[in-house]
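What follows is a short report on a single structure.
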Number of protein chains: 2
Amino acid sequence: MRDERFCNSNCPFTRAIGTIGNKWKPIIINVIGTRTIRFGQLDSIIPLISRKVLTEQLKELEEDGLLERLAYKELPPRVEYKLSEKGLAFLPILENIKEWNLKYEVASMPQEID
Amino acid sequence: MRDERFCNSNCPFTRAIGTIGNKWKPIIINVIGTRTIRFGQLDSIIPLISRKVLTEQLKELEEDGLLERLAYKELPPRVEYKLSEKGLAFLPILENIKEWNLKYEVASMPQEID
DNA sequence: ATTTGTAGTTACCTAATAGTAACCAGAATA
DNA sequence: TATTCTGGTTACTATTAGGTAACTACAAAT
């Protein structure tokens with residue numbers, strides 16, 4: 001899900017897109033935000049994601065240094081995720097995307113008028 | 001390549017990701033930038049993209065109002081693309097991503113020292 | 001008369017991504 | 001004793017994205 005050709009590009013922008021340019025990662029980063037959150041919470045908060053894909057994405061985000069994983073040696077297991085400094089620094093960008101979309105999105109849904 | 005479930009979400013951020021959250025679209029928008037550019041130029045400037053995928057992405061970007069397509073009725077055909085106001089408004093976000101990556105990217109390449 | 005050039009489209013095939021269901025550990029609870 | 005709880009992993013399958021090559025139109029140049 002990481003695009004290796006992009007990640008090996010000599011263009012830093014292309015490398016960035018190779019790292020975070022897929023549909024799940026921005027969503028996951030946005031959901032985590034500034035809190036510490038457990039795997040199961042992410043799984044239930046993020047609609048339509050499967051555990052398998054969530055695990056994969058979290059692993060990659062950790063490898064790329066965007067988030068920190070804290071596994072407590074308990075049973076049943078408890079694992080907490082939170083954004084690293086790098087991940088936190090990405091949040092304002094996601095905010096900008098939100099604002100951009102609100103400003104320019106065309107209302108494609110037919111509106112009920114009564 | 002547009003994720004319909006994302007685009008139909010009631011969360012504006014999720015919708016935004018459904019629209020531009022894939023690997024090619026940010027690259028294409030970044031390459032176009034503030035200029036007017038022809039199809040063939042895009043095809044040769046963007047590495048590793050196939051004509052088919054480029055066509056598809058451009059069509060979606062046009063449908064989503066990020067770019068304008070100008071087809072001259074000539075032979076051989078000439079088609080020019082440029083960003084719309086919405087597309088131009090997205091450029092600063094891409095700039096932020098570039099800066100973010102430059103600041104936080106870990107140098108994974110082994111450096112030659114001599 | 002043939003080739004060149006542009007911006008695609010189409011059919012076909014392969015590669016990548018994502019979903020599903022079953023399974024694991026081992027303590028706590030019923 | 002059986003069940004639940006959590007955070008995964010694994011194997012298998014389905015869906016989707018992407019690549020390749022051939023083809024189109026027709027004017028202009030060779």
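Basis for what follows: all heavy atoms, side chains included, without hydrogens, waters or symmetry-related copies. Naming: A, B, ... by sequence-line order, numbering from 1 per chain.
Taking 4.0 angstrom as the limit, A:K73 places none of its side-chain polar atoms (N or O) nearer than this to OP1 or OP2 of D:dG7. Taking only side-chain nitrogens and oxygens, A:W24 never comes nearer than 4.0 Å to OP1 or OP2 of C:dT17. The phosphate of C:dA27 has neither OP1 nor OP2 within less than 4.0 Å of any side-chain N or O from A:Y72. Taking only side-chain nitrogens and oxygens, A:R38 comes nearer than 4.0 Å to OP1 or OP2 of D:dG7. OP1 and OP2 of C:dG8 both lie 4.0 Å or more from every side-chain N or O belonging to B:K59.
Using a cutoff of 4.0 Å between basic side-chain nitrogens and carboxylate oxygens, A:K98 and A:E95 are scored as salt-bridged.
Cluster membership check: A:L102 does not share its hydrophobic cluster with B:I93, using side-chain heavy-atom separations under 4.5 Å among Ile, Leu, Val, Met, Phe, Trp and Tyr.
Side chain of A:K52, nearest nucleotide from D:dG19, C:dA27, C:dT20: C:dT20. Considering only the side chain of A:F39, D:dG8 comes nearest among D:dG8, C:dA25, C:dA18. Of the candidates D:dG8, C:dT9, C:dG26, the closest approach to any side-chain atom of B:T55 belongs to C:dT9.
The heavy-atom pair separating A:I20 from A:L66 by the smallest distance is CG2-CD2, 4.2 Å. In terms of heavy-atom proximity, A:P26 sits nearest to B:I17 at CB-CD1, 3.6 Å.
Taking atom CD of residue A:E4 and atom C1' of nucleotide D:dG18, one finds them 17 Å apart after rounding to whole Å. Distance, A:E56 CD to D:dA11 P: 14 Å, rounded to whole Å. B:E74 has its CD atom 13 Å from the P atom of D:dA29, to the nearest Å. Summarising the geometry, the separation between CG on A:L75 and P on D:dG7 is reported as 11 Å, rounded to the nearest angstrom. A:N22 places its CG atom 9 Å from the P atom of C:dT17, with the value rounded to the nearest Å. Protein atom CG of B:D3 is 15 Å distant from nucleotide atom P of C:dT17, rounded to whole Å. The CD atom of B:Q57 sits 10 Å away from the C1' atom of D:dA17 (whole-angstrom rounding). The distance between atom CG of B:L42 and atom P of C:dA7, rounded to the nearest whole Å, is 10 Å.
Two residues, A:P76 and A:S50, neighbour DNA chain C, and the one matched to the more 5' nucleotide by heavy-atom proximity is A:S50. Residue B:E80 is the one, among B:E80 and A:P77, whose nearest nucleotide of DNA chain C lies closer to the 5' end (criterion: closest heavy atom).
Across all strands shown, A:R51 has heavy atoms under 4.0 Å from base atoms, whether or not it also approaches the sugar-phosphate. Heavy atoms of A:R2 sit nowhere under 4.0 angstrom from any nucleic acid atom. The residue A:L48 sits close only to the backbone: its heavy atoms come under 4.0 Å of sugar-phosphate atoms, none of a base.
Not a single donor-acceptor pair under 3.5 Å links the side chain of B:W100 to the backbone N or O of A:G87.
Between A:F6 and B:W24, the ring-plane angle classifies as perpendicular under the 30° and 60° cut-offs.
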